[in-house]
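Below: the structure, in structure tokens.
Quantities reported herein were computed from a predicted structural model and do not represent experimental measurements. Chain A is the first sequence line, chain B the second, and so forth, proteins listed ahead of strands; every chain is numbered from 1.
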Protein chains: 2
Amino acid sequence: MVQKSKPPSAATEPERRSEPKRRGRPRAYEPEIALGKALDLFRKQGFAATSLDDLSEATGMNRPSLYSAFGDKRELYIKSYQRYREDARASMVEIFRQEMPVRQRLARIYAAALNIYLSGETGPRGCFTVVTAASEAVGDPEIRAMALEGLTELDKAFANCFRRAKENGELPASADPAALAQLASATIHTIAIRSRARVSRKELEAIVKGAIDVMVGAKP
Amino acid sequence: MVQKSKPPSAATEPERRSEPKRRGRPRAYEPEIALGKALDLFRKQGFAATSLDDLSEATGMNRPSLYSAFGDKRELYIKSYQRYREDARASMVEIFRQEMPVRQRLARIYAAALNIYLSGETGPRGCFTVVTAASEAVGDPEIRAMALEGLTELDKAFANCFRRAKENGELPASADPAALAQLASATIHTIAIRSRARVSRKELEAIVKGAIDVMVGAKP
DNA sequence: TGATTTTTGTACCATATCGCAAATTAATCC
DNA sequence: GGATTAATTTGCGATATGGTACAAAAATCA
């Protein structure tokens, strides 16, 4: 029940700035990587199918430690989802910010999404929002709010992207950024779902290419 | 533990043709409606979160009866999914078959989809494939095969639809039916997901309209 | 009526699950 | 070194879960 054989010495703990010299027994785990392991499990199995024993084994923490660190199962699920959203946002925010042609921007966003969805040792992990959060959303208002936030955040980013493209003359004046954005989001959703059904990366990339062609016009 | 207070007399059982005069004690349930109740539950809660007690209560059958009729939980889940796909196909096959303008055909397909996704007494039920089957698909080859089948079946129907539209001159010669089809499927998937997050019917219809406009051109 | 057949109803088993309490260990503070 | 603090470990308990055995019930057949 140990996360790392090597205990975190002062030298091997670069993130703790100023070393606050915590009082009691030191933690045998690092919260961030433990949360990452929990996230992996929830993404793979969903909420109900993931037991505390599974989580305990994956994180290397026993149950009381899990509770003291993250609260009960539902809280851990929610914290995992927050972490997922932060990671996903981090992997895309730069692509949305930098200046580049729409086509390239879209291609890079979808490449980032595919990397998130297809990674995983025991099979593709898919998208947290699509695979499990949407499922829990009907019954849990807090999860529903987070899922909605995730959906609209992506819609807005895409809408912004198409609006800029229109201003740059990359899209015709008749283009509707909001409608295009929702199609762009829909493409994200469809590859998330298909990746769960183990559709190959190649096919998913073909879907992405076709979608981009329809949205911004076939490459000249 | 009774499905209907009125026992099925010979007169009130129109579907059993020729009345084979079954030998033993008559069933207290009708398999078709019991399967429908199980389907509702699985759609709402997914596989793991649905217990046999839940299923027993919903179907009005006790567990031994459930087993003798449908097998274990996984088999019941698979039979529910088959039933769902049959129902979904039935609600769309005519729309795909009949002769009508693309725009109208798409509108009617999406209306049918929304009816499936938004119905439900305790909240929107979403799409079986998207909400729960995609989740189980990574770990279960049989479910994965069914999910893949459902996805490609829809893709093909849409591709066929766009191919005909192109032949009829409703779409430009440059249109790519396969790419459009995958976008049309993606739109199905996105409204399935959003419906689970309780996005209103109005908003979903707006998304559908925008998607149709992009796919076949804004209405003149 | 009595034998046969099929389904139902009750009860049960072994295990899994969530959550927590109590004792133990390892660090710092004085 | 002893007190204090915080995390770990072990283990428990109440309940839930998937699955099944077995007897009672309700129909047909002879």
*Are more than 12 heavy atoms from other residues, nucleotides or ligands located less than 6.0 Å from atom NZ of B:K79?*
yes

*Distance (rounded to the nearest 0.5 Å) between B:D87 CG and B:R89 CZ*: 10.0 Å

*asked:* Is there a side-chain contact between A:N62 and the phosphate of D:dT8, meaning an N or O under 4.0 Å from OP1 or OP2?
replied: no

*Could you tell me the separation between the CG atom of A:D155 and the CG atom of A:L148, rounded to the nearest 0.5 Å?*
10.0 Å

*Determine whether more than 12 heavy atoms belonging to other residues, nucleotides or ligands lie under 6.0 Å from atom CD of B:Q98.*
yes

_For a side chain to side chain contact (heavy atoms under 4.5 Å, CB included) check, start with the C-alpha distance between B:R105 and B:I95, then their side-chain angles and the critical distance, and finish with the verdict._
CA-CA 6 Å; B:R105 193 196 307 283; B:I95 307 173; 4.1 Å; yes

*When rounded to the nearest 0.5 angstrom, what is the spacing between CG in B:L52 and CD in B:E57?*
13.0 Å

*Any luck finding a side-chain donor-acceptor pair between B:S56 and B:D53 under 3.5 Å?*
no

*DNA chain D contacts made by residues 68-81 of chain A, counting heavy atoms under 4.0 Å*: none

*A:M61 has an atom CE; how far is it from atom P of C:dG19, in whole Å?*
15 Å

*asked:* Whole angstroms only, please: what is the OH-P distance between A:Y67 and C:dC20?
replied: 6 Å

*What integer distance in Å separates B:R63:CZ from C:dC12:C1'?*
10 Å

*Separation of B:R27 atom CZ from C:dT8 atom C1', in whole Å?*
13 Å

*asked:* Return the CD to CE distance between B:E136 and B:M146, rounded to the nearest 0.5 Å.
replied: 12.5 Å

_Full working for side chain to side chain contact (heavy atoms under 4.5 Å, CB included) between A:Y110 and A:T187_ = CA-CA 9 Å; A:Y110 288 121; A:T187 300; 3.5 Å; yes

*Roughly how far apart are B:F128 CZ and B:R85 CZ, rounded to 0.5 Å?*
11.0 Å

*Which parts of residues 42-55 of chain B get close to DNA chain D, meaning a heavy atom less than 4.0 angstrom away?*
B:T50, B:S51, B:L52

_Pair A:T132, A:Y77: side-chain N/O donor-acceptor within cut-off below 3.5 Å_ = yes

*With the sugar-phosphate defined as primed atoms, P, OP1 and OP2, and the base as all remaining atoms, what B/S/- string results for nucleotides 21-26 of chain C, 5' to 3', for protein heavy atoms under 4.0 Å?*
B---BB

*Return the value, rounded to whole Å, for the distance between atom CG of A:L66 and atom P of D:dT8.*
9 Å

